[in-house]
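By convention in this document, chain letters (A, B, ...) are assigned in the order of the sequence lines, proteins followed by strands, and residues within each chain are numbered from 1. Predicted model only: the values in this text are computed from it and were never measured.
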Amino acid sequence: MNLTVTSSPHIRSNNSTKKIMRDVVIALLPALAAGVIYYGLRALLVVVVCMAAAIASEWICGMMIYKRNTVSDGSAGVTGLLLALTLPATVPYWAAAIGSVFAIIVIKALCGGLGKNTFNPALAARAFLMLLWPSYLVRYVAPGTSLSLFGSNVDAVASATPLHHMQMPALPEESLLTMFLGNIGGTIGETCTLALLLGGAYLVYRKVISIRIPAAYVGTVAVLTLVFSKGEDPVAWMLYSLLGGGVMLGAIFMATDYATSPVTPNGQLIYGIGCGVLTVLFRYFGLFPEGVTYAILIMNAAAWIIDAHTAPRRFGAKKGGKA
Amino acid sequence: MKHLFYGGVHPADKKALSAGLALKKIEEPKQVIIPMSQHIGASATPLVAVGDVVKKGQKIGDGEGLCVPVHASVSGKVVAVEPRRHPNGKMVTSIIIENDFQNTLDTTMIPHEEAASLSREEIIAIIREAGIVGMGGATFSTSVKAAVDAKIDTLIANACECEPYITADDTLLRTNAKQVISGIKLIAQAVKPDHMVLAIEDNKKEAIAELKKLLANEENIELRELPTRYPQGGERQLVQAVTGREIVPGQLPSTVGCMVFNVATCDAVYKAVCLGKPVTERIVTVTGEAVKNPGNFIVPTGTPMEEVIGAAGGLTEDVWKVISGGPMMGLAQPDICAPVIKGTNAILCLSTAQNGENPNQTCIRCGKCLTVCPTHLQPLYMNVYTKKKDVEALEQYHILDCIECGCCAYECPAKLPLVEQFRIGKQLVREGKKS
């Protein structure tokens, strides 16, 4: 008889890192489907390239640094998928692949691997590509444009996203419904708000994420764009601000990344509000029409500090007081 | 349903394995091993020596302070007084008695038929002499608890038995609820509460039906059915669930006007006062997927676990762990030689299929540990700072408030051994405080 002696608890829930990653992928499927419907097979190939490069990088890091297979937890695949969704379908495959390699090797593995990275790998990679090849990252095309799968898409007629038009007081031409359905120019995964909300609802239902960060983020952007409206109709301006650009993808899938966001309930609210404020700030005063990527990356750096200052009330301590 | 205390988890309760079965008495053991420490606090000093003949129920160890007397559970001859392995893994001075199967009873303690006339002091003295400790597993001296001088408005009898698998208290209530209620009233006679609450989780239908019948005419004892959720049976969680009050860390429930006694403790009080019997036996649930015939047994204290498991048909081939206590807080045993003691409510035998451990994973900061912690702690950071041996940070994160309920580790998707780490962390903090 050989009895195992390890510490309590002796039973464990069915939760696993793998299952959580699987849920995130499931939640992203609607947005991915929308991307493929609007921008064609090339969008799907960008996703495949990003995921493959991320998984290959993870496998190499796993074998060299951790001496075990770290691909199986699924996190590298999720990073690749998330990065792809922040890129336009016209992006050169090699640039997409470089982004994934950078995300996994520089941002994740060099920080110590899963759960230890300071910055969201997908967003950090997007920021990296943005600084190196900005033109590739803003070459949006109108939905339905036929893109060459393997040839050059330099000649594809680039269309600005509705967000670009919001630099001016006038609102974009697209109807709010078109925006909500995502039938507009943009990155592969950011345009279809309906799909993103479906995915977000699934994650909240599965208790993978709490609604705090997305709600605080979206809520803050809504309030700020309503109060400091630059359009003729403040409500419409607010709605276009939420539907155009990456706020939804960022709030639901990027800002909620476990490793780079706070875990305390109050910390999550503060973090969400911070993301919202920075997003609006960058959009209003920055060089680029979009600000989600840098807003979240900056708040990433503050995640641990926010946690440290938002500890839950100690059990037994009076509200507001100390035990 | 809304739960009434913070956090917590709801694992499959697996109580069906042993619930509802008849209560059986195990065969008298040939030899018993009586550890001098079956309670929190200093060990008792042996009062007998090798060669002495002892009677069943005779006091064979005692001490001062939090120490609780220890009694012989069989009559016979003392064959050794030596360190033996305790269910907690430590070597503890134990008295080994060879059973003479004569069942000669010690009559030092006398039955009180007219218990209603006993004073607070008399009842507390009887509780101490009978060697009663918290029988739910905490094993804190019941007489010391009851003697705390404080105004108690709510006396809570704890029948939650929130750990999965265990059905010892459930069996006690199904078979002997009347005695338990008498015991509650005796404790009330000593601590003089304004009212009494018998708290039970709603997964014990049969016991609840029995209690409803018996409590129909008891105006001052309220039966409180609580939604099943672990660790509701923890003292602090139960006080919160029943009264909404939070106990300040490091303080006793009496500071918020409550006292909590396990129902098996109440039963022991009844037996001590009314029948003149000290604690020499208890109900033990032998259960789990790796035991052939799970059941609930009356077991003399000091009986080696091996014999109790034998009474339940023995272990199966695929046994993985044998645990003294429940799956969330019990202690894994290296073998099955250690004895059943006063606080042993279960011997849980898990098979390899229950092995959910998966080492070498890393924290992904999902924060689930935080949401299930009933004491508002941040297990993920306690884990980080224990690994860094950062005593200052550990104190800041109030690691000493951790009740080791195991909810965080249960829920952790990375299967991190959090409770194990926190024991190390707590030790670091205690050592840091000393120096």
field: For A/S8 against B/G330, the heavy-atom pair lying closest together
entry: CB-O, 3.5 Å
- prompt: Between B/L370 and A/P265, is any pair of side-chain heavy atoms under 4.5 Å apart?
  reply: yes
- prompt: Using 4.0 Å as the upper bound for N to carboxylate O, is an ion pair formed by A/D257 and B/R365?
  reply: no
- prompt: Checking heavy atoms, do the side chain of A/L114, its backbone, both or neither come under 4.5 Å from chain B?
  reply: both
query: Is A/K116 reaching over with its side chain to a backbone N or O of B/I364, donor-acceptor style, under 3.5 angstrom?
result: no
- prompt: Charged N to carboxylate O below 4.0 Å: is that the case for B/E246 and A/R314?
  reply: no
Backbone of A/V208 reached by a side-chain donor or acceptor of B/K368 within 3.5 Å: no
message: For B/P374, which atoms come within 4.5 Å of any heavy atom of chain A: side chain, backbone, both, or neither?
response: backbone
- prompt: Does some side-chain heavy atom of A/P9 sit less than 4.5 Å from a side-chain heavy atom of B/V419?
  reply: yes
query: So do the side chains of B/E420 and A/T6 get within less than 4.5 Å of each other, counting heavy atoms only?
result: no
query: Considering only heavy atoms, which portion of B/C366 lies under 4.5 Å from any heavy atom of chain A: side chain, backbone, both, or neither?
result: both
- request: Side-chain contact test, heavy atoms from C-beta onward, threshold under 4.5 Å: evaluate it for B/Y381 versus A/V263 and give yes or no.
  value: yes
field: Steps toward side chain to side chain contact (heavy atoms under 4.5 Å, CB included) verdict (A/F315, B/Q240)
entry: CA-CA 10 Å; A/F315 182 89; B/Q240 193 189 9; 3.4 Å; yes
message: If I measure from the heavy atoms of chain A, does B/P334 come under 4.5 Å with its side chain, its backbone, both, or neither?
response: both
message: Please classify the contact of B/M328 with chain A as side chain, backbone, both or neither, using a heavy-atom distance under 4.5 Å.
response: both
B/L380 portion near chain A, given a 4.5 angstrom heavy-atom threshold: side chain
task: Give the member of A/N2, A/T264, A/V5, A/I11 that has the highest number of heavy-atom pairs under 4.5 Å with chain B.
output: A/I11
message: Taking side chain as everything from C-beta outward and backbone as N, CA, C, O, which of these in B/V372 sits under 4.5 Å from a heavy atom of chain A? Side chain, backbone, both or neither.
response: neither
task: Could you name each residue pair satisfying salt bridge (Lys or Arg N to Asp or Glu O under 4.0 Å) that touches residues 320-339 of chain B, not counting sequence neighbours?
output: B/R85-B/D335, B/K321-B/E357
- prompt: Can you tell if the side chain of A/S7 reaches within under 4.5 Å of the side chain of B/R423, non-hydrogen atoms only?
  reply: yes
- prompt: Are A/Y66 and B/T362 close enough that some pair of their side-chain heavy atoms sits under 4.5 Å apart?
  reply: no
message: Can you tell me which portion of A/D73 sits under 4.5 Å from chain B's heavy atoms? Options are side chain, backbone, both or neither.
response: neither
Heavy-atom contact with chain A under 4.5 Å, split by part of B/L315: side chain
field: Toward chain B, the part of A/K18 with a non-hydrogen atom under 4.5 Å
entry: neither
field: Backbone N/O of B/E411 and side chain of A/N15: donor-acceptor pair under 3.5 Å
entry: yes
message: For a 4.5 angstrom cut-off between non-hydrogen side-chain atoms, does B/Q378 reach A/P312?
response: yes
task: Examine distances only and state if a side-chain atom of A/S13 and a backbone atom of B/Y410 form a donor-acceptor pair shorter than 3.5 Å.
output: yes
